[in-house]
Amino acid sequence: MSGEKDLAVLIQNMEPVLNIGEYVFCTVQNLGEIPDIEKILFLFREHEAVTIVLERTIADEWSFAYSYISSWITLNIHSSLEAVGLTAAFANALKQGNISCNVVAAYFHDHIFIAREDAEKALKTLIALKSGKRV
């Protein structure tokens, strides 16, 4: 299944879910520095280092440095990787609320990392977007 492409359907049917926990972005120079790869959410290899995202408690346990503590919202609709406009739509809605977002598009869902203190406001903003209202 390749996912939904229609922007109106995506917005109307997205189910934003606030995941439990606090999440952080860390860097390592190589994958061998990660004590247990099964405990990370995702990684991305950049020229400078490998970025990993994981629960804050695990980063603390491993003594990994971080500077940004985030909450994680999943949009529970299978969006196609070819869909056009979904990221722009929710990013613009969050921008109106002065909420920074860091987005990860995985195969099945879009995942949004926002500052922990903005979590509830972001969730309300996304629910308002879904219903066609403004916060």
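Taken to the nearest 0.5 Å, the OG atom of S80 stands 12.0 Å off from the CZ atom of F108. One distance of note links OG1 of T87 with CG of N92; it measures 10.5 Å at 0.5 Å rounding. Interatomic distance, CZ of R45 versus CG of N30, reported as 8.5 Å (0.5 Å rounding). Distance check, rounded to the nearest 0.5 Å: CE of M14 to CD1 of I127 gives 8.5 Å. In this structure, the separation between CD on E82 and CD on E4 is 12.0 Å, given to the nearest 0.5 Å.
Summarising the geometry of Y68 relative to F113, their closest heavy-atom pair is OH-O, 3.8 Å, with the distance given to 0.1 Å. Contact record, C26 with F64: SG-CB, 3.8 Å, taken as the closest heavy-atom pair. Heavy-atom minimum distance, A93 versus T125: O-CG2, 3.4 Å. In this structure, I77 and V9 approach most closely via the heavy-atom pair CD1-O, 4.0 Å. What you find for A119 and L18 is that their closest heavy atoms are CB-CD1, 4.0 Å. Here the shortest heavy-atom pairing between I73 and A122 reads CD1-CB, 3.9 Å.
For H109, there are no ring-ring contact (aromatic ring centres under 6.0 Å, His included) partners two or more places apart in sequence or in a different chain. D110 is linked by a side-chain hydrogen bond (donor to acceptor under 3.5 Å, both in side chains) to S79, counting only residues two or more places apart in sequence or in another chain. Listed by chain and residue number, D36 satisfy the side-chain contact (heavy atoms from CB on, under 4.5 Å) test with E38 (two or more places apart in sequence, or in another chain). By the ring-ring contact (aromatic ring centres under 6.0 Å, His included) test, F90 pairs with no residue at all, sequence neighbours left out.
Every pair passing side chain to side chain donor-acceptor pair (under 3.5 Å) that includes a residue from residues 6-17 is listed here, sequence neighbours excluded: E15-K130.
For the side-chain contact (heavy atoms from CB on, under 4.5 Å) with I112, the lone residue among L94, V104, N102, T74 that qualifies is L94. When V28, I34, L31 are each tested for a side-chain contact (heavy atoms from CB on, under 4.5 Å) with I40, only one passes: I34.
Under the 4.5 Å side-chain heavy-atom criterion for grouping Ile, Leu, Val, Met, Phe, Trp and Tyr, V103 is connected to I99 within one hydrophobic cluster. Linking ILVMFWY side-chain heavy atoms closer than 4.5 Å, directly or via other members, places I114 and I69 in two distinct hydrophobic clusters. L41 and V24 end up in different hydrophobic clusters when Ile, Leu, Val, Met, Phe, Trp and Tyr side chains are linked at under 4.5 Å.
Within 6.0 Å of atom CD1 in I37, more than 12 heavy atoms from other residues, nucleotides or ligands are found, so the atom counts as buried in its surroundings.
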Q.
Could you walk me through whether H78 and Y107 satisfy the side-chain contact (heavy atoms from CB on, under 4.5 Å) test, starting with their C-alpha distance in whole Å, then the side-chain angles of each, then the deciding distance to 0.1 Å, before giving a yes or no?
A. CA-CA 8 Å; H78 183 184; Y107 186 82; 3.8 Å; yes
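Aromatic pair H111/F42: centroids not less than 6.0 angstrom apart.
Counted by atom type alone, S70 and W72 present zero donor-acceptor pairs between their side chains at under 3.5 Å.
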Donor-acceptor contacts under 3.5 Å from residues 49-60 side chains, at least two apart:
from: T51; atom 1: OG1; to: E46; atom 2: OE1; distance (Å): 2.6
from: R56; atom 1: NE; to: Y66; atom 2: OH; distance (Å): 2.9
from: R56; atom 1: NH1; to: E22; atom 2: OE1; distance (Å): 3.0
from: D60; atom 1: OD1; to: Y66; atom 2: OH; distance (Å): 2.6
from: D60; atom 1: OD2; to: Y66; atom 2: OH; distance (Å): 3.4

